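In this text, all values refer to a predicted model and were calculated from it rather than measured experimentally.
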Amino acid sequence: MKKEQDEWSDLSNKKNYYKNILSPIKNSHSSPLLADIKSIPAKNNKSVLDAGCGLGELLPLLSKSFKEVTALDFSKEMILSASSKNKKL
């Protein structure tokens, strides 16, 4: 497990993380995840967990839709990046 954590931590510091991992998701014309989030009734009274949050790309969307958002990742650097990027949430 330590090896995987180190690999993700190294990846969090590389500029190609967005290009290789995030952009295929963000540039998608249709995301089933977004449709699923929209279909949840009374979201503003519920909590959500973003397990494997990475750089926290979903956190702004989740924070607008849910009362409480918890973000977890096994990479310390990913959590630090997500926290830094989403300070205002």
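- If you take CG on Asn45 and CD1 on Ile40, they are separated by 12.5 Å, rounding to the nearest 0.5 Å.
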- Evaluate the criterion side chain to side chain contact (heavy atoms under 4.5 Å, CB included) for residue pair Leu72 and Cys53; output intermediate values, then yes/no. CA-CA 6 Å; Leu72 297 175; Cys53 69; 6.0 Å; no
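- The backbone N or O of Leu80 lies less than 3.5 Å from no partner atom in the side chain of Ser84, so there is not a single donor-acceptor pair.
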Atom pairs and distances, side-chain donor-acceptor, residues 61-69, under 3.5 Å, sequence neighbours left out:
unit_1, atom_1, unit_2, atom_2, d
Ser63, OG, Leu59, O, 3.2
Ser63, OG, Pro60, O, 2.9
Ser65, OG, Leu61, O, 3.2
Glu68, OE1, Ser47, OG, 3.1

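- When all heavy atoms of Lys38 and Lys43 are compared, the closest pair comes out as O-NZ, 3.4 Å.
- More than 12 heavy atoms of other residues, nucleotides or ligands shown are found within 6.0 angstrom of NZ on Lys46.
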